[in-house]
Amino acid sequence: MRWNLKSKPEKEKVQALQNALQVDEIIATLLVQRGIETFEQAKTFFRPTLQDLHNPYLMKDMDKAVSRIEKAIANNENILVFGDYDVDGTTAVSLVSSYLRSFYPNVATYIPDRYNEGYGISYLGIDYAEDNDVHLIIALDCGIKSIDHVNYAKAKNIDFIICDHHRPGDILPDAIAVLDPKREDCSYPYDELCGCGVGFKLIQALAENRNQTIQDLLPYLDLVATAIAADIVPITGENRVLAKFGLEVINTNPRPGIKALIQNVKKKVLTITDVVFIVAPRINAAGRVKHGNEAVALLTEYNLEQAEQFASEIEQHNSDRKELDKQITKEALLQIEENNEQNRFSTVVYQENWHKGVIGIVASRLVEKYYRPTIVFTKSGEKLAASARSVKDFDVYNALEACAEHLEQFGGHMYAAGMTLKEENYENFKNAFENEVKKTIHPDLLIPEISVDLEMNFSDLDEKFMRILKQFEPFGPENMTPVFLSKNIIDSGYAKTLGNDAEHLKAFVKQNNSPNFNAIGFGLGAKIDVVKNRNPFEAVYVLEENEWNGTVSLQLQLRDVRVNKSKK
């Protein structure tokens with residue numbers, strides 16, 4: 001594990017912000033590290049408002065999209081809201097369809113079958129639209145590369161509005177409107193929206209056109225916050241505003257579907273992390289194990305009793321998903337060992353009967369084990385389909401682009417992608433991908449890194465500091481929970497391991513004459529020797545509040561520990 005201590009920002013900038021905000025140097029430093037350098041920027045960061053959201057009409061083609069939807073409504077046309085089967089897609093479909101249905105009845109939804117149709121817009125979906133007399137499809141979280149599909153629909157007199165956030169290719173589909181802030185010719189001020197975020201901009205523009213205010217759209221923000229959390233987009237700018245207000249809705253007045261998913265959670269207030277680990281996997285499980293339609297049914301259900309029924313079915317899918325994920329990960333790890341591939345630059349594995357719905361999760365598990373770009377393939381119809389996951393700072397999408405000659409199709413982001421290929425091209429692709437990664441990855445990127453914000457003294461860790469730190473939430477990419485480094489730490493003699501396999505580490509620590517802090521290190525049980533016998537050690541950790549028997553105290557959640565360098 002590499003510890004990478006961020007360089008201290010310019011003293012003058014920190015000093016200026018300190019004076020402007022009347023905060024101490026540590027807080028000012030953490031803010032400047034996050035690109036917040038002025039009073040105005042800090043105000044937007046700490047006190048985001050819905051007024052900070054951009055005008056939706058700044059997005060290219062927004063006027064065309066709104067005008068085509070209004071025309072469909074005026075002509076009493078059937079509208080089909082189409083989206084991907086993951087959390088971003090199903091929340092986006094639920095968002096746009098439930099908004100449209102609030103004033104227009106002729107709206108249907110369509111989620112492609114992960115197994116029969118695969119990712120994105122499908123010919124089956126377009127045929128379904130034709131069979132049901134649909135002349136307008138709104139595609140969400142997909143479609144930016146669906147040139148042939150859109151042409152196929154056009155020949156059937158079906159128009160498309162595409163709302164996507166993936167990187168476009170050289171040619172855009174011939175749709176009525178293509179809403180994608182990553183378009184080269186789109187000057188929208190923020191291009192890190194998720195698919196559901198782009199869907200929200202569409203309903204924001206429609207609402208404006210119908211003399212509604214942003215307040216009328218608040219009830220939809222629980223869906224947007226869930227998608228932002230699940231899709232791992234930066235929690236900056238507009239995403240931060242949407243996530244913050246969406247979390248408020250989740251914690252105060254969520255839609256029945258989300259309420260049904262979280263009602264057994266013991267916590268009083270859910271954070272974005274809770275949404276990532278509790279809400280998102282359950283919504284995802286429907287599309288992974290059964291069908292994404294079940295997630296849309298749950299998220300658009302307004303009767304709590306019915307929503308609870310849907311939620312319990314999805315809970316079962318989630319349990320099945322966990323079992324599958326565990327079994328396939330075991331088989332994939334065995335395959336790597338049998339092929340003597342432990343020391344490669346990439347992981348590419350394939351077995352024809354692996355469940356397509358969990359290969360993305362399995363890829364993430366393999367990254368945790370071997371920490372290198374990873375692709376997991378399974379059989380899908382006549383072809384092989386795969387999910388790719390990357391490591392920090394390595395662009396897997398670019399690596400796939402370099403191997404495109406072996407692929408049928410691919411799409412995605414820097415850190416996650418999907419693809420299909422012909423079975424006979426598997427070995428050639430596997431070799432090409434390994435060579436591309438070997439050629440382009442910096443060796444440091446193959447060692448997991450902990451990015452550390454600041455070195456801290458325990459004397460600075462108090463309730464007041466924690467109160468301000470909590471205002472940095474919601475945390476996520478580009479606004480991560482601050483990680484601190486402290487040296488010369490000593491355990492008070494209580495260090496022990498926890499868990500069935502002694503995998504966790506628990507200690508009671510102090511530094512010089514500071515108060516003692518509880519410290520917990522998940523997965524750090526093997527490092528007990530670094531900590532015990534009052535040996536001085538160094539730790540990287542995040543500061544958190546621990547509630548026990550009604551008492552709240554500060555606790556260090558250890559990320560890693562090592563022998564104290566200055567005491568060697």
Within 6.0 Å of [atom1] in [X], more than 12 heavy atoms from elsewhere:
X    : atom1 : answer
I447 : CD1   : yes
E424 : CD    : yes
K6   : NZ    : yes
I232 : CD1   : no
K154 : NZ    : no
K259 : NZ    : no
Y123 : OH    : yes
K326 : NZ    : no

With side chains defined as the heavy atoms from C-beta onward, is the minimum distance between [X] and [Y] less than 4.5 Å?
X    : Y    : answer
V96  : F200 : no
I283 : T226 : yes
I126 : F160 : yes
K392 : Y371 : yes
I359 : F377 : no
S451 : W3   : no
I450 : M1   : yes
I262 : V279 : yes

Using modelled atom types and a 3.5 Å cut-off, is there a donor and acceptor pairing between side-chain atoms of [X] and backbone atoms of [Y]?
X    : Y    : value
H504 : G499 : no
E503 : D501 : yes
D325 : V362 : no
D61  : V178 : yes
D180 : K182 : yes
R365 : I361 : no
R240 : E473 : yes
N479 : P474 : yes
S390 : F394 : yes
N251 : L270 : yes

So Y350 and Y426, ring pair (Phe, Tyr, Trp, His ring centres under 6.0 Å) or not? Walk me through it.
-> CA-CA 9 Å; Y350 161 56; Y426 171 73; 5.3 Å; yes
Please check if any side-chain donor atom of [X] sits under 3.5 Å from a side-chain acceptor atom of [Y], or the reverse.
X    : Y    : answer
Y188 : E238 : yes
Q351 : N353 : yes
E323 : Q327 : no
K383 : T420 : no
Y152 : D127 : yes
S122 : Y128 : no
Q555 : Y541 : no
E331 : Q335 : no
T374 : R389 : no
Q316 : D320 : yes
E478 : T236 : no
Y190 : N239 : yes

Please walk me through it: do S346 and R372 pass side chain to side chain donor-acceptor pair (under 3.5 Å)?
-> CA-CA 5 Å; S346 67; R372 58 198 189 194; over 6 Å; no
Worked verdict on D453 versus R34 for salt bridge (Lys or Arg N to Asp or Glu O under 4.0 Å) = CA-CA 10 Å; D453 293 77; R34 282 161 164 67; 3.4 Å; yes
Exercise: identify the closest heavy-atom pair between [X] and [Y]:
X    : Y    : answer
G120 : D84  : N-OD1, 4.2 Å
V87  : A280 : CG2-O, 3.4 Å
P281 : N318 : O-OD1, 3.5 Å
N151 : D174 : OD1-CB, 3.9 Å
H165 : V198 : CB-CG2, 4.3 Å
A229 : V275 : CB-CG1, 3.8 Å

Salt bridge or not between [X] and [Y]? Use side-chain N to carboxylate O under 4.0 Å.
X    : Y    : result
K201 : D164 : no
R255 : E301 : no
D170 : K145 : no
R183 : D185 : yes

Mutual orientation of the aromatic rings belonging to F429 and F433 [parallel < 30°, tilted 30-60°, perpendicular > 60°] = parallel
Which of these, E436, E341, E423, sits in a salt bridge (charged side-chain N to carboxylate O under 4.0 Å, His left out) with K430?
-> E341
Start with the C-alpha gap between D86 and D141, add the side-chain angles, then the distance that decides, and say whether side chain to side chain contact (heavy atoms under 4.5 Å, CB included) holds.
-> CA-CA 9 Å; D86 67 2; D141 188 36; 3.2 Å; yes
For side chain to side chain contact (heavy atoms under 4.5 Å, CB included), just list the numbers for L124 and Y110, CA-CA rounded to whole Å, side-chain angles, deciding distance to a tenth of an Å, and then say yes or no.
-> CA-CA 10 Å; L124 273 179; Y110 192 98; 4.0 Å; yes
Stepwise side chain to side chain contact (heavy atoms under 4.5 Å, CB included) check, I520 with L498 | CA-CA 10 Å; I520 181 89; L498 302 173; 3.8 Å; yes
Straight-line distance of H406 NE2 to K422 NZ, nearest 0.5 Å = 13.5 Å
Dump the intermediate steps for side chain to side chain contact (heavy atoms under 4.5 Å, CB included) on L202 and I138, then the final yes or no.
-> CA-CA 10 Å; L202 175 62; I138 302 171; 4.1 Å; yes
Assess the pair F410 and Y397: is the distance between their ring centroids shorter than 6.0 Å?
-> yes
